[in-house]
Protein chains: 2
Amino acid sequence: MTSVPPKTRIQKRNREIILEAALEVFSTHGFRGATLDQIAQEAGLSKPNVLYYFASKEAIHSALLDGLMDTWLAPLHELDSAGEPVEELVAYVLHKLRLARDFPRESRLFANEIVQGAPRIRDQIEGPLKALVDEKAAQIAAWARAGRLAPVDPHHLIFSIWATTQHYADFDAQVRGILGPDDPAHFDNAAAFLTEFYRRALTPD
Amino acid sequence: MTSVPPKTRIQKRNREIILEAALEVFSTHGFRGATLDQIAQEAGLSKPNVLYYFASKEAIHSALLDGLMDTWLAPLHELDSAGEPVEELVAYVLHKLRLARDFPRESRLFANEIVQGAPRIRDQIEGPLKALVDEKAAQIAAWARAGRLAPVDPHHLIFSIWATTQHYADFDAQVRGILGPDDPAHFDNAAAFLTEFYRRALTPD
DNA sequence: GAAATGTTTGACCAAGCGGTCAGGTTCACG
DNA sequence: CGTGAACCTGACCGCTTGGTCAAACATTTC
């Protein structure tokens with residue numbers, strides 16, 4: 001928001017190294033559980049050097065969250081009102097599941113934040129996120145009214161999609177504990193299950 | 001496990017006060033984010049007094065998790081192989097949703113723990129929880145084979161139920177941010193949505 | 001090649017942390 | 001009502017935390 005884009009290439013590189021390290025640490029320990037020393041070590045820099053690039057621990061965390069929100073919302077943007085409703089929604093489910101598989105740390109960063117009451121991103125949730133969800137919910141409701149989709153509460157449908165997909169990133173430790181640590185296909189199985197599941201539930205009679 | 005049941009009524013009372021306060025604090029800040037001072041203040045006791053009843057911060061956290069695991073597993077135990085499959089599963093969904101509504105702090109305590117890699121309850125997950133889930137998954141698979149249930153991957157079905165119900169406790173901040181802070185019926189709406197949703201998805205053709 | 005600017009660090013600090021302890025207070029019970 | 005056990009607390013301790021700073025080291029620029 002207020003930050004000027006980094007000037008030198010060293011700045012650009014080190015800021016990125018720090019954000020990468022911070023993502024690792026924040027996503028596995030939460031904001032308070034993470035320490036600057038941990039982040040510095042993970043980044044291969046000294047602590048004062050980390051603070052040379054970011055004003056504070058808070059600032060690193062904010063930078064991460066800001067940079068992420070857009071990526072996280074993107075797939076919902078793609079819900080196309082011109083498409084075939086059931087297939088559009090299934091595609092959204094699979095897109096979100098892919099995100100959970102490829103960016104689990106980002107997902108857990110959000111999860112940590114929201115479980116603890118979203119103190120730092122409340123505004124983003126009540127503002128742009130709510131606006132986008134409301135818009136897409138209206139779209140889904142219109143589909144349902146037109147009989148092209150089983151009648152569903154659109155907001156709760158969206159929640160269910162978030163829940164079922166992000167579960168594989170956020171609760172990975174539990175999923176792996178139950179399925180066994182090395183079930184390499186469990187994301188594929190999840191994809192198959194969710195596809196079939198949402199298709200059955202959403203296809204109108 | 002090793003703890004002798006408290007003797008005096010003062011011990012019983014204060015241990016309970018401390019656990020109640022600790023649940024509040026741990027569930028909103030995570031283990032590392034919570035402090036003994038916070039717990040002591042919330043409990044209305046001095047910090048040394050808290051440590052008179054529990055050996056350490058760890059010990060309080062363990063006591064909470066131990067006492068909770070059973071409650072959390074109970075509804076899955078009730079899945080009755082003699083019942084009607086779809087209705088049994090819908091009843092399970094609603095039972096879990098009620099738990100999320102009535103015990104959100106307990107749910108968030110687990111969520112915090114699992115998001116951060118479940119370092120303290122890995123054994124419980126890979127042991128008793130996995131055993132119970134595998135048993136019930138076999139039951140569900142049998143129902144599906146008998147044609148009394150749509151064909152589904154039983155493990156992923158159970159994950160989806162956990163995800164969709166606990167979502168309303170764990171991600172409460174997000175749900176409220178989107179639905180508006182005072183939608184008193186949102187749990188009822190969720191119940192209606194999930195009932196309809198799982199019925200459609202699980203009823204065999 | 002030197003001055004100016006940008007980068008890095010060891011040493012340090014105040015505050016907060018989990019936990020201890022000596023001693024005072026309250027309670028149960030004969 | 002006396003006494004021993006249970007309960008409670010202020011003061012304190014060693015350690016970690018986020019953050020500072022002066023000075024050393026690189027890098028760019030002219």
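Worth saying up front: this structure is predicted, and the values here are computed from it rather than measured.
- A/Asn14 has no side-chain polar atom (N or O) that falls below the 4.0 Å cut-off from OP1 or OP2 of C/dG6.
- Between B/Ile39 atom CD1 and C/dG19 atom C1' there is a gap of 13 Å when expressed in whole angstrom units.
- Atom C1' of nucleotide D/dA23 and atom OH of A/Tyr52 are separated by 15 Å, given to the nearest angstrom.
- For A/Asp37 and C/dG10, the CG to C1' distance is 14 Å, given to the nearest whole Å.
- In this structure, the ring of A/Phe103 has its center no less than 6.0 angstrom from the ring center of A/Phe110.
- Among the protein residues, A/Arg9 comes within range of the sugar-phosphate backbone only, with heavy atoms under 4.0 Å from sugar or phosphate atoms but none that close to a base.
- A donor N or O paired with an acceptor N or O is not found under 3.5 Å between the base of D/dG19 and the side-chain atoms of A/Lys57.
- Regarding A/Ile17, its CD1 atom lies at a distance of 14 Å from the C1' atom of C/dT8, rounded to whole Å.
- Atom pair B/Lys47:NZ and D/dA11:C1' shows a separation of 11 Å (rounding to whole Å applied).
- Note: B/Arg108 CZ to B/Thr28 OG1 = 7.5 Å, rounded to the nearest 0.5 Å.
- Both A/Ala55 and A/Gln38 lie near DNA chain D, and the one whose nearest nucleotide falls closer to the 5' end is A/Gln38.
- Atom CG of A/Leu51 and atom P of C/dT9 are 13 Å apart (whole Å).
- Between the CD1 atom of A/Ile18 and the C1' atom of C/dT7 there is a distance of 12 Å, rounded to whole Å.
- Of the side-chain N and O atoms in B/Gln11, none sit less than 4.0 angstrom from OP1 or OP2 of D/dA6.
- Counting to the nearest Å, the P atom of D/dC7 and the CZ atom of B/Arg13 are 11 Å from each other.
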- Just do the salt bridge (charged side-chain N to carboxylate O under 4.0 Å, His left out) check on A/Arg98 and A/Asp102 with the steps written out, would you? CA-CA 6 Å; A/Arg98 227 177 303 129; A/Asp102 296 337; over 6 Å; no
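- Closest contact between the side chain of A/Pro48 and the listed nucleotides C/dG19, C/dT8, D/dC21 involves D/dC21.
- Remark: A/Glu20 engages A/Arg105 in a salt bridge, criterion side-chain N to carboxylate O under 4.0 Å.
- A/Ala34 comes within 4.0 angstrom of the backbone, heavy atoms only, and of no base.
- Nucleic acid contact class of A/Phe54 (heavy atoms, under 4.0 Å, all strands): none.
- Residues A/His156 and A/Phe159 bring their aromatic ring centres within 6.0 Å.
- Residue order along DNA chain C, read from the 5' end via each residue's closest nucleotide, puts A/Asn49 first among A/Asn49 and A/Arg32.
- Set against D/dG10, D/dC7, C/dC17, the side chain of B/Ile10 has D/dC7 as its closest nucleotide.
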